[in-house]
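For reference, the structure discussed in these notes is given below.
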Protein chains: 2
Amino acid sequence: MTAPDRPLSRRERPAKPPLTRAGIVAAGLAVLEAEGMEKVTMRRIAAELDTGAASLYVYVQNTADLHAQMLDELLAGVTPAETGAWLTRLIDLLESYAAVLFQHPEIARLSMSTHTSGPNYLRLLDTILGLLGEGGVPENQAAWGVDILLAYPTFLAAERGSRAQPRNARDFADLATHVAAADPYTLPHVAAAGDEIVSGTPAARLRWGITVLINGITQTERA
Amino acid sequence: MTAPDRPLSRRERPAKPPLTRAGIVAAGLAVLEAEGMEKVTMRRIAAELDTGAASLYVYVQNTADLHAQMLDELLAGVTPAETGAWLTRLIDLLESYAAVLFQHPEIARLSMSTHTSGPNYLRLLDTILGLLGEGGVPENQAAWGVDILLAYPTFLAAERGSRAQPRNARDFADLATHVAAADPYTLPHVAAAGDEIVSGTPAARLRWGITVLINGITQTERA
DNA sequence: ACCTGAACACCGTTCAAGT
DNA sequence: ACCTGAACACCGTTCAAGT
């Protein structure tokens, strides 16, 4: 409405913080929180920082690089309890990892293709290895086991993260419908199991799943 | 070079097969095979079928719908052995599922966000439930277990599918580098486990992982 | 009913030109 | 060295107009 008829001088313009890699990642997370992953584009983030998309390329290699950085930043919040039995600490840690991913299913999806070896991810890996070691799991089983332990929360989150995601909700309802309508002749076992297949809250399935994985890792020797 | 100076008449033009949903899915798979997932776009597929992108929307709701359809089509090749012990048949089936996904990591990645409840997916579900039942696994454990059994191959394929994928290969090498360079003070367990973490062929890790999951599912009661 | 071209509203990334 | 605007080469999806 009251647009000035000349460009603002440097003194008058609101101070624009300098671009940094961290600032770009933070802006990316802000957009993610506010508008979801599909709005996390170079152009949108640049707008957030009051600049052009091209300017970001001084600090960020490409979109994949940015996404990996964002994921690692989110993992900063995943920390273990300091006391307690190794098993409860491990389950808690994995549930907290899952919680972060459930809040950001799009990032969970991304983390399958765009890996991070950022400091927070490595710390998480280290903590899990430590806990498995405490539980007496042989080192070679633990080393391959971490991968499996991190995979399942990621998968569950990607599959049905809680963020309002019309497409995904519809897909799952779709599966439920197909399972309910399964022809007992062509799909006898699906028809027999019925609701059981799609039953349970994500939290309940996660908890059981984590136990399954830990039991399996503990009890399965490597050839 | 020798372009005709008038449009070809209907008789002269090479016969153009009519558009069908199946034809569009097949064209999508052809493009996937030839040029990779990132080229599987509405426009590219339309070009393949000698038409415009808009024409596809008569048969396909949107990109997600198309992708789900493509995935289900790929699963047609995943079929179980007819004889043998339930355990070896189950392991074989999961390895064959994994093999398909390893050849199409981009589809594996996609299948996390875009679900299919297509006929082939449901058949796979049914077969696995049947085999677990044969193995004496209680029905409620089997019903939640299928999800876990299908998750791990998907995750592994998405993570390091074999198709030439410069970004992914670099990421994994990156992780290996970080693991190798892990500071024994801040990351003691990673440093101790060292190479072990990134060791083994995908096939070997997959086989051990499947065994881990089956053992866990068999031995973990549901509350 | 099916098909089409053109348009709309976007993308990531590069690059020459500025400071 | 950093920043910018403009350009390049794309996207998915919609829609009025044709057959």
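Letters A, B, ... mirror the listed sequences (proteins, then strands); counts begin at 1. This one's a predicted model, so the numbers in the text were calculated from it and none came from an experiment.
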Original post:
How is the base pairing of DNA chain C summarised as a dot-bracket string, given the Watson-Crick and G-U wobble criteria with both distances under 3.5 Å, [ ] for crossing and | for another strand?
Top reply: ||.|||||...|||||.||

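The side chain to side chain contact (heavy atoms under 4.5 Å, CB included) search around B:Ala54 returns none, not counting sequence neighbours. Evaluation of the salt bridge (Lys or Arg N to Asp or Glu O under 4.0 Å) rule for A:Arg123 yields no partner, not counting sequence neighbours. Partners of A:Ala204 by side chain to side chain contact (heavy atoms under 4.5 Å, CB included), not counting sequence neighbours, listed by chain and number: A:Thr201, B:Trp144. For the side chain to side chain contact (heavy atoms under 4.5 Å, CB included) test, residues two or more places apart in sequence or in another chain that qualify with B:Val179 are B:Leu175, B:Val190, B:Ile197.
Shown for residues 40-54 of chain B: residues whose heavy atoms fall under 4.0 angstrom of DNA chain C, namely B:Arg43, B:Thr51, B:Ala54.
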Using atom types as modelled, flag every donor-acceptor pair under 3.5 Å from a side chain in residues 93-100 of chain B to any protein atom, sequence neighbours excluded.
| residue | atom | partner | partner atom | Å |
| --- | --- | --- | --- | --- |
| B:Glu95 | OE1 | B:Arg207 | NH2 | 3.2 |
| B:Glu95 | OE2 | B:Arg207 | NE | 3.2 |
| B:Tyr97 | OH | B:Thr154 | OG1 | 3.4 |

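The salt bridge (Lys or Arg N to Asp or Glu O under 4.0 Å) contacts involving residues 53-62 of chain B comprise nothing, where partners must be two or more places apart or lie in separate chains. Judged as a salt bridge (Lys or Arg N to Asp or Glu O under 4.0 Å), not a single pair has a partner in residues 180-192 of chain A (not counting sequence neighbours). Evaluation of the salt bridge (Lys or Arg N to Asp or Glu O under 4.0 Å) test over residues 60-70 of chain A, restricted to residues two or more places apart or in two chains, returns A:Arg21-A:Asp65. Residue pairs meeting the salt bridge (Lys or Arg N to Asp or Glu O under 4.0 Å) criterion with at least one partner in residues 51-60 of chain B, sequence neighbours excluded, are absent.
Think of the region where chain A sits on DNA chain D: with heavy atoms and a 4.0 Å cut, that region ends 5' and 3' at D:dC2 to D:dA7.
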